[in-house]
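The first residue of the sequence shown is numbered 1, and numbering continues consecutively from there. Both counts, for ligands and for their atoms, begin at 1 and track the order of listing.
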Amino acid sequence: MVGKYTVGLVIPAHNEEKGISTVLDAVPDQVDRVFVVANCCTDATEQVAEKYGAIVIDQPVKGYGSAYKAGFAAVDTDIVCTADADGTYPVQDLPGLIEDLLENDLDFISARRIPDDHSGTLNNIMRFSGNLVLTAFTMVLFWRQIMNSQSGMWIFHREILDKIELTSDGMPLSEELKIEVWGCRDIKCAEKPISFSYSSRVGKAKLNLWRDGFRNLVFLFAKRLRIPMTGA
Ligand SMILES: Nc1nc2c(ncn2[C@@H]2O[C@H](COP(=O)(O)OP(=O)(O)O)[C@@H](O)[C@H]2O)c(=O)[nH]1
Ligand SMILES: [Mg+2]
């Protein structure tokens, strides 16, 4: 609880038995309920989440977007927070971000992942560049002033979900959500930097940089032209 508001944390997880405990160990006391959306897991993700007392949601349709849609349908708290199941987002920062949401009368915060750890490995440099390209296209095609369209850590009032439409079953859901909320007059949005440096992932990445980068880009054009597309 923060003030009079209940707080829920939704985490999509596909084979994250190692990462999920890193995240669940760090969940702050202000979070009342944790919802882990496990789909098509062939490892012990669900058992680990249950051991921590999380509510496990089984989503048979694979994909980051379909996991979030199931999580958003199930979450029943006033404030909703999200994070990956791989330990890359600082869930310890959630109380500060929720305070910020309430104090500034905001409806939606996207935690900005930049400055990212784009030093060092080629993978990180490519990730950083991919982010920039997708964010630039989001700005040009939709005229949204977003600095990091790919961030997966959000803090918002649950009621905004009734005002937007999410269609993607795959990774593009992240940019789609931002296009929707930034495009809605009734939703007051902001991006806030996260204080810790973006830590490296626990477990195997589900995102394939070239494949998902390209799909995310195609999704932006399809959404601009309002072509239905749900592929994971
Ligand atoms: N439930 C579910 N989660 C997924 C799926 N694909 C990815 N995820 C989760 O979504 C989050 C983001 O995936 P990740 O590989 O970390 O992508 P990145 O952070 O953009 O590199 C992780 O918590 C994954 O476990 C999926 O098909 N289903
Ligand atoms: Mg991740």
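- Contact annotation for Val37 and ligand 1: only backbone heavy atoms (N, CA, C, O) come within less than 4.0 Å of the ligand.
- Close contacts between ligand 1 and Ala67 involve ligand atoms 1 (N), 2 (C) [criterion: under 4.0 Å to a heavy atom].
- For ligand 1, the polar-atom distance check finds no N/O of Ala38 at less than 3.5 Å from any of the ligand's N/O atoms.
- Close contacts between ligand 1 and Arg201 involve ligand atoms 14 (P), 15 (O), 16 (O) [criterion: under 4.0 Å to a heavy atom].
- Proximity of Asn148 to Glu191: side-chain heavy atoms (C-beta onward) are separated by under 4.5 Å at one or more points.
- Residues Arg144 and Glu175 form no side-chain contact, since every pair of their non-hydrogen atoms from C-beta on lies 4.5 Å or further apart.
- Put simply, no part of Gln59 is less than 4.0 Å from ligand 1, judged by heavy atoms.
- Note on ligand 1: Gln150 sits outside its first shell, no heavy atom being nearer than 4.0 Å.
- The name of the N, O or S atom in Asp84 nearest to the Mg ion (ligand 2) is OD2.
- Using a 4.0 Å cut-off to heavy atoms of Ala205, the atoms of ligand 1 that qualify are 15 (O).
- A donor-acceptor pair is defined here as one N or O able to donate and one able to accept, closer than 3.5 Å; such a pair exists between the side chain of Lys188 and the backbone of Asn104.
- Judged by distance alone, the side chain of Asp43 and the main-chain N or O of Glu17 form a donor-acceptor pair under 3.5 Å.
- Using a 4.0 Å cut-off to heavy atoms of Lys62, the atoms of ligand 1 that qualify are 27 (O).
- Not a single heavy atom of Gly152 sits under 4.0 Å from any atom of ligand 1.
- Residue contacts with ligand 1: Thr88 is placed with no nitrogen or oxygen under 3.5 Å of a nitrogen or oxygen of the ligand (distance criterion only).
- Judged by distance alone, with hydrogens and angles left aside, the side-chain atoms of Ser151 form no donor-acceptor pair with the main-chain N or O of Arg112 at under 3.5 Å.
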Practice item. Could you go through the side chain to side chain donor-acceptor pair (under 3.5 Å) check for Lys178 and Ser174 one step at a time? Key: CA-CA 7 Å; Lys178 288 167 206 113; Ser174 176; 2.8 Å; yes
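- In summary, of the residues considered (Val34, Asp78, Asp29, Val31), a side chain to side chain contact (heavy atoms under 4.5 Å, CB included) with Val7 occurs for Val31 alone.
- Looking at every heavy atom in both residues, Leu101 comes nearest to Asp107 through CD1-C, 3.7 Å.
- When you scan the N, O or S atoms of Asp86 for the one nearest the Mg ion (ligand 2), you land on OD2.
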Point to revise | Audit row: Arg33, Thr77, side chain to side chain contact (heavy atoms under 4.5 Å, CB included) steps and yes/no | key: CA-CA 8 Å; Arg33 287 187 277 292; Thr77 51; 3.5 Å; yes
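- An N or O contact shorter than 3.5 Å links Leu207 to ligand 1 by distance.
- In summary, the atoms of ligand 1 found under 4.0 Å from a heavy atom of Ala13, numbered by their order in the structure, are 1 (N), 2 (C), 3 (N), 25 (O).
- At a heavy-atom distance under 4.0 Å, only side-chain atoms of Glu16, from C-beta outward, approach ligand 1.
- Some N or O of Pro12 is nearer than 3.5 Å to an N or O of ligand 1, by distance alone.
- Ring orientation note: the planes of Trp154 and Tyr68 are tilted relative to one another, at an angle of 30° to 60°.
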